[in-house]
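Just so we're on the same page: letters track the sequence lines, and every chain starts at 1. When reading the values below, keep in mind they use all heavy atoms of this one structure, side chains included, and skip hydrogens, waters and symmetry mates.
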Amino acid sequence: MPKNSFKTRLEIAKNKLSKRNLYKDQQPTSSIGTAFKMSTELVAHVVVGTIIGFILDKTFGTKPWLILIFFFVGVIAGIANVFKSAKNMQK
Amino acid sequence: MSSNLRKTCKNKLKKIMATNPMHQFEVYRIGPEIKIGEIDLSFTNASLFMVISSLAILVVFNLGSKKNSLLPSKIQLLAELSYTFVSKMISDTAGSKAKPYFAFIFSLFMFVLFCNMFGMIPYAFTVTSHIIVTFMLASFIFISVTIIGFIKHGVGYLKLFVPSGVPVILLPLIVVIEIISYLSRPISLSVRLFANMMAGHTMMKVFGGFVISLGIVGGWLPLSFSVALTGLEILVAFLQAYVFAILTCIYLNDALNLHH
């Protein structure tokens, strides 16, 4: 009988713990962390796109064109990434 | 006359150096110059603070795990709490498959945290406020995660760049975008930590300078502000170490459980 009661208590405690975990999964990082993450990622995408364009321009000798194209592709990638993270936050 | 002029110039320069908020980030050599070929390998103040923080980690965790008493002492509690904190973070974000990488993520988190926290001590040097340090850490993570992904999935790891359910016409653009997002990881990871630490420490120095220049009459406002900033900076120091570690976990999760 005492063993049983312990078991039921353990079950209840485990249930509570799993519920708490579920609640925590919805907000894995604090909002200030997410804000920093999104802003730096937006900038990093643009920078990486521009760098790729610059390198490709140098190798193919098509001076202004690829850097322009890849700059805008980087901007698109950055904005798409922000949309993706925003969607993940709303889940 | 000219020597007098030189003296005043020197004094002015000294004053500028004392109030220059960027002066705290200067790297200088300690001890003899060591050069191998073209590479300067001298021991600097940056390397000194890296050594100090690694030694502090070793001391804290050795003391904390020495006596495994049932009723933990403060230092044992600290070690156990940080262990459970990191292990929970890994299992929450990357799943059970990431358990073998616990040692790496734990030491990474502790190193960044201790470097940030040592930077909060007055006159101490903040190692993580230099982009080369954070970029080295981030590129190491990036390269090792890529290698792990290719080992676990082979060529199939390239599927990460091809999301499912995309029309064929848009596919070239999407692939380029995905590649850019993948390559931007080390940059965003390193710039985030570096920019936060550098901006915070510069701001603290600027407000400290205001206290001196406004004197005893008007200096109280910036003084109270810089007390508040110190609290904020301690929060940022912890938060950035946490974000650094959790993003490593997320990248590891992408490499281990491919779900595109």
Heavy-atom count check: over 12 atoms from other residues, nucleotides or ligands less than 6.0 Å from [X] [atom1]?
{"X": "Phe85(B)", "atom1": "CZ", "value": "yes"}
{"X": "Phe61(B)", "atom1": "CZ", "value": "yes"}
{"X": "Phe102(B)", "atom1": "CZ", "value": "yes"}
{"X": "Phe54(A)", "atom1": "CZ", "value": "no"}
{"X": "Leu232(B)", "atom1": "CG", "value": "yes"}

Problem - Heavy-atom pairs under 4.5 Å with chain A, option from Ala195(B), Ser184(B), Pro186(B) with the top count - result: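 Greatest number of close heavy-atom pairs with chain A: Ser184(B).
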Problem - Rounded distance (nearest 0.5 Å) linking atom CD1 of Ile250(B) with atom NZ of Lys37(A) - result: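 Between atom CD1 of Ile250(B) and atom NZ of Lys37(A) there are 5.5 Å.
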Exercise for the section: Name the region of Ile174(B), side chain, backbone, both or neither, that has any atom closer than 4.5 Å to a heavy atom of chain A. Expected result: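 Answer is neither: Ile174(B) stays 4.5 Å or more from chain A.
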Exercise for the section: Applying side-chain contact (heavy atoms from CB on, under 4.5 Å) between Val176(B) and each of Ile52(A), Val73(A), Ile69(A), report the one that passes. Expected result: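 Filter result, single survivor: Val73(A).
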Practice task
Test His45(A) against every option in Ile180(B), Ile177(B), Leu183(B), Ile187(B) by the side-chain contact (heavy atoms from CB on, under 4.5 Å) rule and name the one that passes.
Solution key: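 When side-chain contact (heavy atoms from CB on, under 4.5 Å) is applied between His45(A) and each of Ile180(B), Ile177(B), Leu183(B), Ile187(B), only Ile180(B) qualifies.
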